[in-house]
Structure formats: structure tokens, C-alpha cells
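Reading through the C-alpha cells given below for one structure.
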Amino acid sequence: MKANPWKLIQAHYRTLRDARTDEDRWQDYALFLGVPTLVYVGCIVIEVQLPTEASAGLLTATGVLAAFFFGVVLQIAQRSMDLATEAPPLDKAMVWQIEFLRQIAANAGYACLVSVAGAVVFLAALVSTAPLLAVIFSSLGLAIAIHLALLLSMVLSRVYDLISRRLTTAQVGGAKGTGTVHPIDSRRSGSGQR
């Protein structure tokens, strides 16, 4: 089925691996899944119910983020098509660039899915009239918002890392010479630090 997001979700979680050992990093899972789960449980316990204005604002914010991440994925798709058309030499730098594009596409695509899910949950919180449902949707929405904030932080961190490394490469003579810089640093991993 074309609308099945499972492949994208799997691709995103494959990026939460240690670049040196290619093993899952429990720290990343604890951060990206554990923290939102704790927020959800905590909000349920204290019976958080978002005011109408807050639900509407968060609905708008998650909708805007969904559009933003969808645009990022489209830009990566365009860059991927350009690479396929140009057929550049498959040297070490190009292999790294392809892997970076694949991973950032998975992260941005997953963030787009989470944003859409968040928008749906905040809409449900906005229209819920039963207090119990309002608490459940408000709590779930806040957990999704925390998860989304962590994802956004990871994507921005990875993009900044790439920019910083590419600028360093440009200072030492470009990526085609002896100073090739890996866009996914093998010394650090997870949380956007791969």
C-alpha cells in the first residue's frame, strides 16, 4: 500500500545507530521515546487539559511544521534526482553525501508524519467535550510536541554539523582533494550527532 508509512518509520529509527558499531543506541531511544512517554504519563496523572487557545495554537504550529518538513523532503528528493542525473564519480565523499541525504530524508519524513499526527491529536483535544477525552488528547498532544521538538533539534543539529564540516572542507581546499570531510561524523553518533 502506497500510504503505508512503516518503511519511513523504520528508516528514521535506523539513523539512531552508533556510526562506529552500527548498533542501536539505547540513549537515543530513551531520549526520543522515553521523555515523551514520561510527559504523557505525567500529564495524565495531573489531568492536564489544554485551553482552547493553546490547542488551536499547537494545531497551527504542528500543521506548519508538517508543511515545512514536507518541503524539506521534496528538496532532498530534487537533490537526489540531480545526483542521479549528473552521475558524479562515486568516490568516498559522494558515498558519504548520499548516505547523509538518505538519513536526513528519513528524519525529515518521519518528523512530517509526527507533525501530522500531532495536528490530528490537537484537533481532537480542541473539539473534545468530554473531560476525560480532553485530558487524554491534551496529554498525548503534549507528548507528541516534545517528541517533535527533539526531532527538530536532531535535524537542525545534523544540518549544522554538515554545514560546519563543509565550510571547514572549503577552507582547506575543497572536498575533491586530500581533505575530504565525512558529513556523518564517525566519532559521534545518535541524537543528530552521527
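Atom set for the values below is all heavy atoms of this structure, side chains included, hydrogens, waters and symmetry mates excluded.
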Met154 and Leu16: side-chain contact (heavy atoms from CB on, under 4.5 Å), yes or no, with the steps? CA-CA 10 Å; Met154 180 177 83; Leu16 302 181; 4.0 Å; yes
With heavy-atom distances below 4.5 Å as the criterion, would you say the side chains of [X] and [Y] are in contact?
| X | Y | value |
| --- | --- | --- |
| Leu152 | Phe69 | yes |
| Leu148 | Thr62 | yes |
| Leu59 | Val121 | no |
| Ile146 | Leu150 | yes |
| Asn107 | Leu151 | no |

If you compare all heavy atoms of [X] against all heavy atoms of [Y], which two are closest, and at what distance to 0.1 Å?
| X | Y | answer |
| --- | --- | --- |
| Val72 | Ala108 | CG1-CB, 3.7 Å |
| Leu142 | Val48 | CD1-CG1, 3.8 Å |
| Ser55 | Ala125 | OG-CB, 3.9 Å |
| Leu83 | Leu101 | CD1-CD1, 3.6 Å |
| Ala119 | Gly63 | CB-N, 4.4 Å |

Transitively linked via ILVMFWY side-chain contacts under 4.5 Å: [X] with [Y]?
| X | Y | answer |
| --- | --- | --- |
| Val120 | Leu140 | no |
| Ile144 | Leu133 | yes |
| Leu123 | Val64 | no |
| Val114 | Ile9 | yes |

Distance check, rounded to the nearest 0.5 Å: [X] atom [atom1] versus [Y] atom [atom2]?
| X | Y | atom1 | atom2 | value |
| --- | --- | --- | --- | --- |
| Thr60 | Leu65 | OG1 | CG | 11.0 Å |
| Phe70 | Ser115 | CZ | OG | 12.5 Å |
| Arg25 | Thr15 | CZ | OG1 | 11.5 Å |
| Leu162 | Leu167 | CG | CG | 9.0 Å |

Would you indicate whether Tyr160, at its atom OH, is surrounded by more than 12 heavy atoms from other residues, nucleotides or ligands within a distance under 6.0 Å?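 It does not: Tyr160 OH has 12 such atoms or fewer within range.
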Inspect the surroundings of CD in Glu47 and state if more than 12 heavy atoms from other residues, nucleotides or ligands are less than 6.0 Å away.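 No.
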Between Gln103 and Arg14: side-chain donor-acceptor atoms closer than 3.5 Å: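 No, no side-chain donor-acceptor contact under 3.5 Å.
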Partners passing side-chain hydrogen bond (donor to acceptor under 3.5 Å, both in side chains) against Tyr110 (at least two apart in sequence or in another chain):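 side-chain hydrogen bond (donor to acceptor under 3.5 Å, both in side chains) check on Tyr110 returns Tyr13, His147.
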Enumerate the residue pairs fulfilling side-chain hydrogen bond (donor to acceptor under 3.5 Å, both in side chains) with a member in residues 72-88, sequence neighbours excluded, ordered by first and then second residue.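 Qualifying pairs, neighbours excluded: Gln78-Asp82.
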Main chain of Trp26, side chain of Asp24: is a donor-acceptor contact present, judged purely on distance under 3.5 Å?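 Not at all, since once roles are kept as given, no pair shorter than 3.5 Å links the two residues.
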Does Leu50 offer a backbone N or O that forms a donor-acceptor pair with the side chain of Ser138 under 3.5 Å?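 Such a contact is found between Ser138 side chain and Leu50 backbone.
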As a quick check of understanding, evaluate side-chain contact (heavy atoms from CB on, under 4.5 Å) for His12 and Leu113, giving each step before the final call. CA-CA 11 Å; His12 164 72; Leu113 289 176; over 6 Å; no
Residues that Leu90 engages under side-chain contact (heavy atoms from CB on, under 4.5 Å), provided they are two or more places apart: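 Listed in chain order: Met94, Val95, Ile98.
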Hey, could you give me each pair passing salt bridge (Lys or Arg N to Asp or Glu O under 4.0 Å) that has a residue in residues 133-153? Not counting sequence neighbours.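 Every pair satisfying salt bridge (Lys or Arg N to Asp or Glu O under 4.0 Å) with a residue in residues 133-153: there are none.
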With sequence neighbours excluded, give me every salt bridge (Lys or Arg N to Asp or Glu O under 4.0 Å) pair touching residues 116-128.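 Checked against salt bridge (Lys or Arg N to Asp or Glu O under 4.0 Å) - neighbours excluded - no pair reaches residues 116-128.
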Contacts under 3.5 angstrom, residues 31-46 side chains, donor-acceptor by atom type, not counting sequence neighbours:
| unit_1 | atom_1 | unit_2 | atom_2 | d |
| --- | --- | --- | --- | --- |
| Thr37 | OG1 | Leu33 | O | 2.7 |

